[in-house]
Number of protein chains: 2
Amino acid sequence: MRQVELRHLRYFVAVAEAGSMMAGARAVGIVQPALSRQIRELEEAIGTPLLVRRSTGVALTAAGASFLRDATRILTELQASRDRALRSAAGQLGELRLGVLPNYFPLPVVSDVLKAFRDTCPDVMLSIAPRLSSEQAAAIARGELDGGIMAWRQDVAPHLSGLRLLRDRFVLAMLSTPGQRVRAPRRLAELAGAPFIWFDPLRSSAQHRFLLEQCRRAGFTPRIAQVGSDIPTLIGLVAAGMGYAFVPESTSPMCPRTVRLVALDELASRFDVEFVYDGQADSPVVRRFLAALRTTVSA
Amino acid sequence: MRQVELRHLRYFVAVAEAGSMMAGARAVGIVQPALSRQIRELEEAIGTPLLVRRSTGVALTAAGASFLRDATRILTELQASRDRALRSAAGQLGELRLGVLPNYFPLPVVSDVLKAFRDTCPDVMLSIAPRLSSEQAAAIARGELDGGIMAWRQDVAPHLSGLRLLRDRFVLAMLSTPGQRVRAPRRLAELAGAPFIWFDPLRSSAQHRFLLEQCRRAGFTPRIAQVGSDIPTLIGLVAAGMGYAFVPESTSPMCPRTVRLVALDELASRFDVEFVYDGQADSPVVRRFLAALRTTVSA
DNA sequence: TCATGGGTATACCTGGAAGGCATGGCCTGA
DNA sequence: TCAGGCCATGCCTTCCAGGTATACCCATGA
């Protein structure tokens with residue numbers, strides 16, 4: 001048995017709406033005998049008459065009325081499918097799964113770009129998961145995330161593309177009790193032997209290696225008194241007087257007044273906080289996000 | 001621009017599911033170059049690439065993933081549309097709008113046939129409207145009802161087809177106070193001058209004419225003391241001692257004990273209570289209902 | 001009752017598109 | 001660097017959608 005084609009549906013709808021083969025043929029731009037044959041073919045494919053032929057035109061059978069509703073809907077759905085495909089290609093439809101390094105979530109540039117993206121692409125479903133840089137890199141490689149905001153991309157994901165959001169650097173976080181005046185160290189070497197609250201080296205190995213290397217160059221190995229897995233923990237421990245910590249300068253807004261951030265010469269070299277994505281994947285939604293990001297960063 | 005055809009959708013789905021043009025071509029039973037061309041045509045019709053060609057096969061673009069979902073759905077919907085059309089043609093899907101003469105609603109044969117129909121055609125939406133015979137006939141002619149259960153079809157709708165449910169006749173309803181012994185009339189002529197509660201002649205002109213004619217033949221014109229629009233009203237007025245009434249014998253179950261029904265020789269001629277429908281319309285659902293009706297009546 | 005006209009079906013033909021075949025180019029992996 | 005998949009291109013054949021002419025059917029009205 002021959003297959004039903006959309007042509008059959010288009011013709012059938014035209015005939016049903018026009019009320020006659022003649023008028024339907026005129027509507028679709030073919031001649032009546034050709035249309036009659038196509039309708040007959042459709043009826044054979046469906047397996048039941050859809051029209052009753054009268055000398056005054058055609059009338060729908062019960063099956064025809066049912067099929068007319070369905071055919072009309074299918075035709076409009078095809079049109080909608082095309083529109084959705086085009087919007088998907090333009091990055092205006094779909095989803096964007098992002099990872100964000102938790103300590104950078106509160107940054108204005110992050111919330112700004114998310115807002116800008118939501119404004120330009122309101123129909124893209126945006127999902128944001130807090131993840132460490134290395135976890136993000138792995139998820140992006142596996143296709144489970146479309147991109148993420150992280151630091152130290154060149155260490156954890158050299159094969160992925162990145163667009164810089166900002167440049168950050170490490171500063172020393174130290175206790176600064178209001179009444180008590182404590183001299184801030186100027187050079188790293190002054191901290192030899194001092195107790196440190198350290199990044200969890202397993203979870204943030206890139207920063208770990210960088211900071212260890214800086215201390216080694218300053219001639220000492222830091223005495224690690226505590227380990228913290230995230231920035232608020234580190235800062236909390238500093239505020240509790242447990243020791244010093246190295247934290248990204250951009251996290252200063254979340255420091256209490258009793259914690260003072262001190263820039264050290266040896267830690268002057270900055271590192272990038274980037275939006276990282278798979279440049280090979282060529283996702284239209286990611287392209288849209290990159291555009292939103294560029295305008296936000298340059299503004 | 002060429003039109004999209006279902007062939008394109010079938011091919012595209014096959015390719016997407018198979019992961020390569022080669023395998024997709026095998027799946028749909030054509031050779032790979034032919035398939036490649038059809039896919040390209042589809043992409044041109046949609047207006048954006050749906051696949052990325054790799055040497056290992058093909059991968060979906062974002063637009064392709066969107067269109068794949070839609071195309072799959074459209075294809076299954078077409079299948080469902082065909083099924084619905086066939087079920088509509090078989091009278092197993094659709095709606096059946098019936099009118100029922102209110103006094104015949106309580107009859108066992110009516111509820112039996114409705115139940116039988118609902119059992120054989122559970123997916124047909126059944127709507128039942130209480131209507132007088134003449135209203136039913138007009139509504140059926142206008143296509144607002146598919147059929148109805150009425151009396152006096154030959155008077156109100158001679159052009160419509162009918163299938164008899166039962167034969168009824170008129171009897172005299174009269175007051176019969178328990179203690180008081182009243183002689184029942186045997187002949188219509190005995191009722192000359194007696195007060196009658198009469199059918200509303202505007203609403204039930206066929207019965208009106210029949211009963212008037214019988215009285216005229218018996219040599220008198222009934223004295224109409226009251227007019228009632230429905231059977232319960234008539235019976236209620238008889239029970240209230242307002243006079244005599246002619247009611248269909250089949251309505252006896254709804255008479256109180258104080259109302260006695262008396263058969264008169266002149267009213268012996270019976271009339272049909274029929275399921276009435278438009279025999280020209282050839283509705284599958286009505287055919288199903290007729291089948292249910294025939295088995296119910298013969299049982 | 002017959003002519004007329006609007007509508008549909010049938011027969012036949014033609015052009016174009018779908019599909020088959022052969023082949024070339026490209027990428028990948030051994 | 002070669003072999004093997006995979007996709008694209010070019011050409012040919014077949015088949016079918018659509019066009020033309022005409023017959024048929026039925027309702028309407030003179």
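Remember, it's a predicted structure, so these values are computed and weren't measured experimentally. Chain letters run A, B, ... following the sequence lines, proteins first and then strands; every chain starts at 1.
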| request: Kindly say if A/Arg2 contacts the phosphate of D/dA17, meaning a side-chain N or O under 4.0 Å from OP1 or OP2. | output: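 Answer is yes, contact under 4.0 Å.
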**OP:** Report yes if at least one side-chain N or O of B/Arg40 is closer than 4.0 Å to OP1 or OP2 of D/dA8; otherwise report no.
**Re:**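 Checking D/dA8 against B/Arg40, a side-chain N or O does come within under 4.0 Å of OP1 or OP2.
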- Item | B/Val273 and B/Ile149: CA distance, side-chain angles, deciding distance, side chain to side chain contact (heavy atoms under 4.5 Å, CB included) verdict | CA-CA 7 Å; B/Val273 176; B/Ile149 290 167; 4.2 Å; yes
| Gap between atoms CD and P, on A/Glu41 and D/dC15 respectively (whole Å) |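 In whole Å, D/dC15 P lies 15 Å from A/Glu41 CD.
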In this structure, CD of B/Glu44 is separated from NE2 of B/His8 (nearest 0.5 Å) by 9.5 Å
B/Ile30 CD1 to C/dG19 C1', in whole Å, measures 7 Å
Within this structure, what is the CD1-to-P distance between A/Ile39 and D/dA17, rounded to whole angstrom?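 Interatomic distance, CD1 of A/Ile39 to P of D/dA17: 13 Å.
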Taken to the nearest whole Å, CZ/B/Arg26 to P/C/dG20 is 14 Å
Checklist entry - With respect to the phosphate group of C/dG6, does any side-chain polar atom (N or O) of A/Ser55 fall under 4.0 Å of OP1 or OP2? => result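 No, A/Ser55 has no side-chain N/O under 4.0 Å of OP1/OP2 on C/dG6.
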Given D/dA17, is OP1 or OP2 found less than 4.0 Å from the side-chain N or O atoms of A/Arg37?
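Checking A/Arg37 against D/dA17: no side-chain N or O falls below 4.0 Å of OP1 or OP2.
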Reckon B/Arg54 has a side-chain N or O less than 4.0 Å from the OP1 or OP2 of D/dC6?
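No.
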Using whole Å, report how far CD of A/Gln32 lies from P of D/dC24.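 One finds 16 Å between P of D/dC24 and CD of A/Gln32, rounded.
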Side-chain contact check for B/Val58: nearest option of D/dC7, C/dT28, D/dA8 is D/dC7
- request: Step through the shown structure and confirm whether more than 12 heavy atoms of other residues, nucleotides or ligands are within 6.0 Å of CD on B/Gln280.
  value: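 12 or below, so no.
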In whole angstroms, the gap separating P of C/dA18 from OH of B/Tyr11 amounts to 9 Å
Discussion item. Between B/Ser36 and D/dA8, is there a contact of a side-chain N or O with OP1 or OP2 at under 4.0 Å?
Written reply: yes
Q) So what does B/Gly24 hit on the nucleic acid, given a heavy-atom distance under 4.0 Å: a base, only sugar-phosphate, or nothing? A)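 Contact class for B/Gly24: none.
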Choosing from D/dG18, D/dA8, C/dA9, which nucleotide comes nearest the side chain of A/Pro33?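 Closest nucleotide among those given: C/dA9.
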- Run the numbers on B/Gln38 and B/Arg7 for side-chain hydrogen bond (donor to acceptor under 3.5 Å, both in side chains), then give the verdict. CA-CA 8 Å; B/Gln38 292 297 312; B/Arg7 178 184 55 254; 3.2 Å; yes
dist B/Ser133:OG -> B/Leu101:CG (nearest 0.5 Å) comes out at 4.5 Å
Rounded to whole Å, the CG-P distance (B/Leu35 to C/dC21) equals 15 Å
To the nearest angstrom, the CE-P distance between B/Met22 and C/dG25 comes to 18 Å
